[in-house]
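To start, the structure itself, in structure tokens.
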Amino acid sequence: MGEARGGPRRGTRVCSAGVPPCTPWQGPDSVAAAVTVTGRAWPRAGTAGTPLAGDMAQGGAGVAKRLGTLLSGLLECGGFCGIIFGWASLVFVLKDLGYFQELCQPSTNLTELPGCSRQDEEFSLVFTIGSFMNNFMTFPTGFIFDRFGTTIARLVAISLYTGGTLLVAFSTPALAVLLFPAMSMLSVGGMLLILTNTQVGNLFGKYRSIIITLYNGAFDSSSAVFLIVKVLYERGLSLRTMFLFMAACSAWHLLRTLFLMPRSRIPYPLPPAYDYGLRCPGRSQSYRTYEEKRPPEETGPEETPLEPSAPTVSTYTNAFAVTQLCGVLCAPWNGFILDRHKRGKTPRPEGALGTLADLRASVLSLVVTVTQCVLFSICAAVPVLPVQFGTFVLQVLSRSFLYGGNAAFLAIAFPPQHFGKLYGLAMALSALVALLQYPCVTLVRGPLDGDPFYVNVGLIAVVLVAFVSPVVVARKCRQLAKDLGAAGTPLTAPPSAETPTELPH
């Protein structure tokens with residue numbers, strides 16, 4: 001995993017263990033054709049070391065197995081990974097059961113805020129810590145994924161998730177403090193599950209970015225699970241029964257880990273006859289590829305629990321939760337933007353040219369994403385309640401583009417063996433920003449007398465800074481194109497170019 005990734009020496013043979021056939025390196029001409037791009041040696045289009053595009057369709061795993069992996073992963077992400085972001089729905093249940101009820105104080109004068117503000121702040125603190133852990137702990141868990149592979153990472157995720165559901169199941173109003181570790185364990189376990197699922201896009205070649213963004217959209221939609229918990233609770237089902245059922249679902253996660261996921265990582269591009277899962281132990285561990293494999297900004301007002309202090313609030317909470325279901329439908333749109341250059345009659349270039357084409361496609365994705373985030377922030381700042389229905393829609397769009405685009409961009413721009421660490425680092429940085437949401441709530445309720453105008457204006461200004469990102473990537477693309485041209489690499493791959501199947505270590 002940590003071995004050098006430069007080209008082989010003259011006269012050596014380039015083999016990946018278990019990948020037949022193994023043909024010799026083509027000599028110094030091929031080495032001279034390599035051009036360094038972002039610290040890596042890339043063979044020129046049409047030279048040795050570039051895999052055939054068709055290799056991705058010649059894997060040993062059949063179509064049924066790949067589709068089973070895709071669909072089961074979609075169900076996993078949509079039903080389990082991001083449920084903490086439906087916290088507003090669960091708060092209704094917990095309040096009805098009397099969690100943190102002792103913090104409620106009756107109003108003594110007209111100037112006091114209505115409702116149990118200390119109870120609301122405690123619920124807000126549970127969510128703030130849980131969402132912080134969701135992002136911040138992605139860095140160490142990403143390191144676990146990169147260092148120990150898929151199986152170990154998923155076993156850690158399943159253990160955390162099972163522990164979190166059991167803590168909620170056996171919590172009581174007297175043990176409401178269990179919600180703090182429970183939500184943190186659920187969020188970290190869910191994030192680690194989606195991290196291991198991101199690589200499934202590598203099984204589908206030119207649809208790679210679409211699938212990555214689709215999975216992140218399913219992650220967004222999973223916040224509706226707590227809405228289902230709320231509805232079932234209102235129908236008479238107990239909180240303990242529902243969370244015990246969720247804990248029992250860990251057996252399904254375990255079976256999927258053994259039969260439908262690799263032991264290490266899914267490489268990209270796929271080597272010939274690639275297979276994975278328990279039926280072919282060891283085969284999926286030995287491949288090495290040279291090609292590259294999504295930062296969310298601060299969590300905005302959409303992730304601050306709504307206060308159930310008025311009879312109309314339940315309607316808006318339900319509307320917010322229902323719109324989250326559409327995340328899985330919105331996320332692939334960003335994937336279509338990222339993969340738009342891969343469709344058509346012109347063969348997609350490989351190596352450095354392919355990376356450059358992918359980076360160019362990501363510029364438009366970044367522009368659209370930041371624009372959506374700005375519009376969402378503006379709508380959230382409008383003090384008109386019906387406008388918030390539009391805010392819910394923009395939140396789903398911007399969040400789907402943000403998370404999916406982040407994962408897809410990291411897979412495009414950086415080597416695969418560092419994906420987990422980089423994804424975790426991005427999430428950890430966003431977690432540090434997310435910590436500001438609790439003092440922001442305190443600031444609004446205290447010195448600002450309940451008026452969030454200045455806080456919203458500040459957040460809009462911060463989001464506007466994100467327009468720097470597509471500008472930087474566009475400049476990088478121009479520089480790479482210039483470097484490739486200076487090195488004599490054609491900027492379009494000739495249709496007749498033939499390349500061998502060997503992949504340099």
Side-chain angles (χ1 to χ4, degrees), residues 69 71-87 89-90 93-94 126-127 129-145 148-171 175 177-200 215-216 218-229 232 239-261 303 324 327-328 403 407 420 423-424 427-428 431:
T69 301
L71 296 178
S72 61
L74 196 62
L75 176 61
E76 186 172 81
C77 292
F80 303 94
C81 292
I83 63 174
I84 188 176
F85 296 108
W87 175 249
S89 298
L90 187 62
V93 178
L94 298 174
V126 173
F127 174 78
I129 294 176
S131 59
F132 167 79
M133 296 295 289
N134 176 272
N135 293 338
F136 184 78
M137 289 302 294
T138 309
F139 179 63
T141 54
F143 177 82
I144 292 174
F145 173 56
F148 299 104
T150 302
T151 299
I152 298 299
R154 286 182 62 84
L155 290 177
V156 172
I158 294 170
S159 299
L160 289 171
Y161 196 90
T162 305
T165 52
L166 290 176
L167 283 178
V168 176
F170 292 103
S171 66
L175 294 174
V177 70
L178 292 179
L179 293 176
F180 286 95
M183 290 301 113
S184 296
M185 293 170 72
L186 286 175
S187 62
V188 175
M191 181 54 70
L192 188 48
L193 283 177
I194 191 176
L195 182 61
T196 62
N197 277 305
T198 302
Q199 60 184 321
V200 173
Y215 271 28
N216 280 270
F219 174 89
D220 294 340
S221 297
S222 65
S223 59
V225 169
F226 281 166
L227 172 63
I228 298 174
V229 170
L232 292 178
L239 183 69
R240 174 169 297 182
T241 299
M242 289 183 282
F243 273 85
L244 285 176
F245 172 78
M246 294 170 65
C249 290
S250 296
W252 180 78
H253 298 311
L254 182 60
L255 290 175
R256 186 169 181 271
T257 300
L258 297 176
F259 293 99
L260 291 178
M261 293 297 286
E303 294 182 353
Q324 305 308 301
V328 68
Y403 277 82
Y423 187 82
M427 299 299 287

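Every value quoted in this text rests on a predicted model; they were computed, and no experiment measured them.
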Applying side chain to side chain contact (heavy atoms under 4.5 Å, CB included) between V188 and each of I84, V156, L160, report the one that passes. L160

Would you check if the side chain of S223 reaches a backbone N or O of D220 as a donor-acceptor pair within less than 3.5 Å? yes

Any donor-acceptor N/O pair, S221 side chain to G78 backbone, under 3.5 Å: no

Applying side-chain contact (heavy atoms from CB on, under 4.5 Å) to L94 and L239, what does each step give before you reach the verdict? CA-CA 9 Å; L94 298 174; L239 183 69; 4.0 Å; yes

Taking all heavy atoms of V225 and all of G79, pick out the closest pair and write down the distance. CG2-O, 3.4 Å

With sequence neighbours excluded, tell me which residues meet ring-ring contact (aromatic ring centres under 6.0 Å, His included) with F132. F136

State, to 0.1 Å, how close L193 and C81 come at their nearest heavy-atom pair, and which atoms those are. CB-SG, 3.7 Å

Taking ring-ring contact (aromatic ring centres under 6.0 Å, His included) as the test, write out the residues that go with F226, two or more places apart. none

Given the rule in the side-chain contact (heavy atoms from CB on, under 4.5 Å) test, do N197 and R256 qualify, once you have shown the distances and angles that lead to the verdict? CA-CA 11 Å; N197 277 305; R256 186 169 181 271; 2.9 Å; yes

Verify, without hydrogens or angle tests, whether S171 (side chain) and V168 (backbone) share a donor-acceptor contact under 3.5 angstrom. yes

Could you tell me which non-hydrogen atom of S222 sits nearest to which non-hydrogen atom of C77, and how far apart they are? CB-O, 3.3 Å

Atom CG in L179, atom CH2 in W87: separation rounded to 0.5 Å? 5.0 Å

Any chance you could measure F219, atom CZ, to Y215, atom OH, to the nearest 0.5 Å? 14.5 Å

A side-chain contact here means heavy atoms from C-beta on lying under 4.5 Å apart; do N134 and F85 qualify? yes

Going from OG1 on T241 to CG on L232, what distance comes out if it is rounded to the nearest 0.5 angstrom? 10.5 Å

Would the distance check show the side chain of R154 and the main-chain N or O of G149 forming a donor-acceptor pair, the cut-off being under 3.5 Å? no

Locate the shortest heavy-atom distance separating L186 from Y161; write the atom from each residue and the value. CD2-O, 3.6 Å

Can you tell me how far the CH2 atom of W252 sits from the CD atom of E76, to the nearest 0.5 Å? 5.0 Å

What heavy-atom pair brings S184 and G130 nearest, and what distance separates the two atoms? OG-CA, 4.1 Å

Only one of L244, L178, L175 forms a side chain to side chain contact (heavy atoms under 4.5 Å, CB included) with F170, so which one is it? L244

Here the gap from T138 atom OG1 to M191 atom CE, rounded to the nearest 0.5 Å, amounts to 4.5 Å

Would a distance-only check, ignoring hydrogens and angles, find a side-chain to backbone donor-acceptor pair under 3.5 Å from T69 to L260? yes

What are the two closest heavy atoms between F145 and A153, and how far apart are they? CA-CB, 4.0 Å

Is F180 atom CZ crowded by more than 12 heavy atoms from other residues, nucleotides or ligands, each under 6.0 Å away? yes

I'd like to know whether L155 forms a side-chain contact (heavy atoms from CB on, under 4.5 Å) with T151, so could you lay out the CA-CA distance, the side-chain angles of the two residues, the decisive distance to 0.1 Å, and finally the verdict. CA-CA 6 Å; L155 290 177; T151 299; 4.2 Å; yes

Would you give the length of the straight line joining atom CD1 of I83 to atom OG of S89, rounded to the nearest 0.5 angstrom? 11.5 Å

